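Predicted model, so just to flag it, every value in this text is computed and none were measured.
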Amino acid sequence: MYFSGKITNSFFEFLKRCEFNTSRFFEMTPLEIDFLKDPHSWMEARQVERLLNNIQKAYSYHFMDKDLITTVGHNCVSLKSWGGLEGFLKMFEVPEEIHEKMDIFFSYFMSPVFKIYNHEVTNNSVCFDVSFDSSKYPIVTHYFKAVLEALPVFLGGELTEVKWQDHHLEIFYPEEESIPLPFMISESSAEEKEQLLIDKIKTCEKNLITLKDSKNFELLDQTLKILLELKKELKKRKK
């Protein structure tokens with residue numbers, strides 16, 4: 001079994017963005033550093049699992065309020081550490097289209113890729129059994145689980161929930177929420193409410209930038225982009 005450098009490069013890029021000393025990787029693994037940073041490389045699976053375990057032990061105390069493995073997986077959109085695979089994923093229209101090709105998706109991350117059995121779709125989720133033994137690679141599986149939770153974000157959606165127990169995998173669909181957009185504001189106080197919304201957006205931007213400077217990257221890049229687009233749209237409506 002081999003795992004892709006897309007996994008190790010994700011941890012390398014995340015910790016580098018957090019301004020940690022990534023040269024410590026030399027002490028954690030016999031794997032070549034160039035392989036770790038190459039999203040197109042392939043490495044022996046147990047060596048990758050062992051490296052992620054060492055990374056977790058070495059850096060987790062810096063992230064007391066969150067799980068490091070999950071955080072890296074949830075940041076897969078903004079890290080851009082998969083060697084262009086991110087652009088391919090954005091070609092899909094809805095996450096369900098990616099879910100139908102899970103074997104192809106995972107072929108970018110492991111070799112040989114697992115087989116899928118008992119594929120079942122419900123109103124709330126999609127579930128299937130896989131030939132991959134998650135108990136042999138618990139930390140890599142932990143990362144995969146977080147990545148699957150973040151897949152809807154590639155298409156402009158929100159994080160979802162994933163359950164992965166042994167050989168059974170279930171991906172839940174994000175619940176749709178009704179968001180009060182500017183054009184739904186009542187006529188009597190539209191201008192006043194729009195200005196209030198603009199002020200709130202500016203406050204959100206300021207807070208998010210502060211969080212980003214403090215090394216909390218989870219979905220911040222995407223959130224800032226959405227807020228900027230909303231603000232531009234509001235300005236157009238005021239003209």
Side-chain angles (χ1 to χ4, degrees), residues 1-89 102 105-111 113-114 132-154 159-160 162 164 169 211-223:
M1 171 74 71
Y2 291 88
F3 287 139
S4 167
K6 292 176 177 61
I7 301 172
T8 54
N9 188 45
S10 296
F11 283 84
F12 184 87
E13 285 296 324
F14 178 81
L15 293 171
K16 186 173 69 173
R17 284 181 59 171
C18 289
E19 300 180 358
F20 289 119
N21 180 14
T22 51
S23 65
R24 296 179 62 187
F25 279 32
F26 285 112
E27 307 166 8
M28 300 179 185
T29 179
L31 295 169
E32 293 289 339
I33 192 69
D34 288 341
F35 284 179
L36 303 180
K37 297 191 295 181
D38 182 1
H40 304 291
S41 67
W42 291 92
M43 291 161 282
E44 203 277 323
R46 293 196 178 278
Q47 292 286 2
V48 173
E49 174 74 16
R50 192 172 296 119
L51 171 61
L52 297 196
N53 182 51
N54 291 336
I55 289 174
Q56 189 176 40
K57 291 179 179 178
Y59 295 99
S60 283
Y61 73 94
H62 292 288
F63 304 88
M64 297 298 292
D65 60 334
K66 61 182 65 180
D67 176 76
L68 174 60
I69 307 299
T70 299
T71 301
V72 176
H74 283 176
N75 277 278
C76 58
V77 178
S78 61
L79 286 175
K80 295 180 173 59
S81 54
W82 290 350
L85 176 58
E86 299 90 343
F88 170 73
L89 293 174
M102 278 287 97
F105 173 74
F106 274 103
S107 70
Y108 289 94
F109 293 93
M110 65 174 70
S111 178
V113 70
F114 59 62
F132 179 71
D133 190 351
S134 61
S135 64
K136 287 186 177 180
Y137 309 100
I139 300 181
V140 172
T141 300
H142 191 166
Y143 170 74
F144 285 154
K145 175 179 176 293
V147 165
L148 292 175
E149 290 175 337
L151 281 183
V153 181
F154 281 101
L159 288 171
T160 188
V162 171
W164 193 330
L169 180 59
L211 285 170
K212 188 172 183 178
D213 291 340
S214 66
K215 303 173 184 177
N216 186 337
F217 298 108
E218 189 164 352
L219 300 179
L220 291 182
D221 290 338
Q222 186 202 22
T223 306

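Between Phe144 and Phe109, some side-chain heavy-atom pair lies under the 4.5 Å cut-off. Counting heavy atoms from C-beta outward, Ile55 and Phe25 have side chains that approach closer than 4.5 Å. Ser4 has its side chain out of reach of Met43: every pair of non-hydrogen atoms, C-beta onward, lies at least 4.5 Å apart. Annotation: side chain of Leu151 is not in contact with side chain of Thr160 (no heavy-atom distance under 4.5 Å). With contacts defined as side-chain heavy-atom distances shorter than 4.5 Å, the pair Phe105/Val113 does not qualify. In this structure, the side chains of Asn54 and Arg50 come closer than 4.5 Å at one or more pairs of heavy atoms. At a threshold of 4.5 Å between non-hydrogen side-chain atoms, the residues His74 and Val153 do not count as touching.
Here OG of Ser41 is found 8.5 Å from NZ of Lys6. Values are rounded to the nearest 0.5 Å. Note that CD of Gln47 and CZ of Phe3 are 12.0 Å apart. Values are rounded to the nearest 0.5 Å. Annotation: the span from Cys18 atom SG to Leu15 atom CG amounts to 6.0 Å, rounded to 0.5 Å. Separating the SG atom in Cys76 from the CZ atom in Phe14 is a distance of 12.0 Å, to the nearest 0.5 Å. Met110 CE to Phe132 CZ: the interatomic distance, rounded to the nearest 0.5 Å, is 4.5 Å.
The aromatic rings of Phe114 and Trp164 sit perpendicular, their planes meeting at an angle over 60°, well past the 30° parallel limit.
For the pair Ile7 and Phe11, the tightest heavy-atom approach, listed with the atom from each and the gap, is O-CD1, 3.3 Å. Between Ala150 and Gly73, the closest heavy-atom pair is CB-O, 3.9 Å. Residues Asn9 and Ser81 come closest through the heavy atom pair ND2-O, 2.9 Å.
By the salt bridge (charged side-chain N to carboxylate O under 4.0 Å, His left out) test, Glu149 is found to be paired with Lys145, residues two or more places apart in sequence or in another chain being considered. The side chain to side chain donor-acceptor pair (under 3.5 Å) search around Asp133 returns Ser135, not counting sequence neighbours. Take Tyr2 and apply the side chain to side chain contact (heavy atoms under 4.5 Å, CB included) test, not counting sequence neighbours, and it matches Trp42. With sequence neighbours excluded, the residues forming a side chain to side chain donor-acceptor pair (under 3.5 Å) with Glu13 are Lys16, listed by chain and number.
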Residues 136-143, side-chain donor-acceptor partners within the protein, below 3.5 Å, at least two apart:
from	atom 1	to	atom 2	distance (Å)
Thr141	OG1	Tyr137	O	2.8
His142	NE2	Asp67	OD2	3.1
His142	NE2	Thr70	OG1	2.9
Tyr143	OH	Ser10	OG	3.1
Tyr143	OH	Trp82	NE1	3.2

Atom pairs and distances, side-chain donor-acceptor, residues 26-38, under 3.5 Å, sequence neighbours left out:
from	atom 1	to	atom 2	distance (Å)
Thr29	OG1	Leu31	N	3.0
Asp38	OD1	His40	N	2.9

- Task: Before giving the answer on side-chain contact (heavy atoms from CB on, under 4.5 Å), spell out for Val72 and Leu79 the whole-Å C-alpha distance, their side-chain angles and the decisive distance to 0.1 Å.
- Result: CA-CA 9 Å; Val72 176; Leu79 286 175; 4.2 Å; yes

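Seen from the ring of Tyr59, Arg24 counts as a face-on cation partner, given the 6.0 Å and 45° thresholds.
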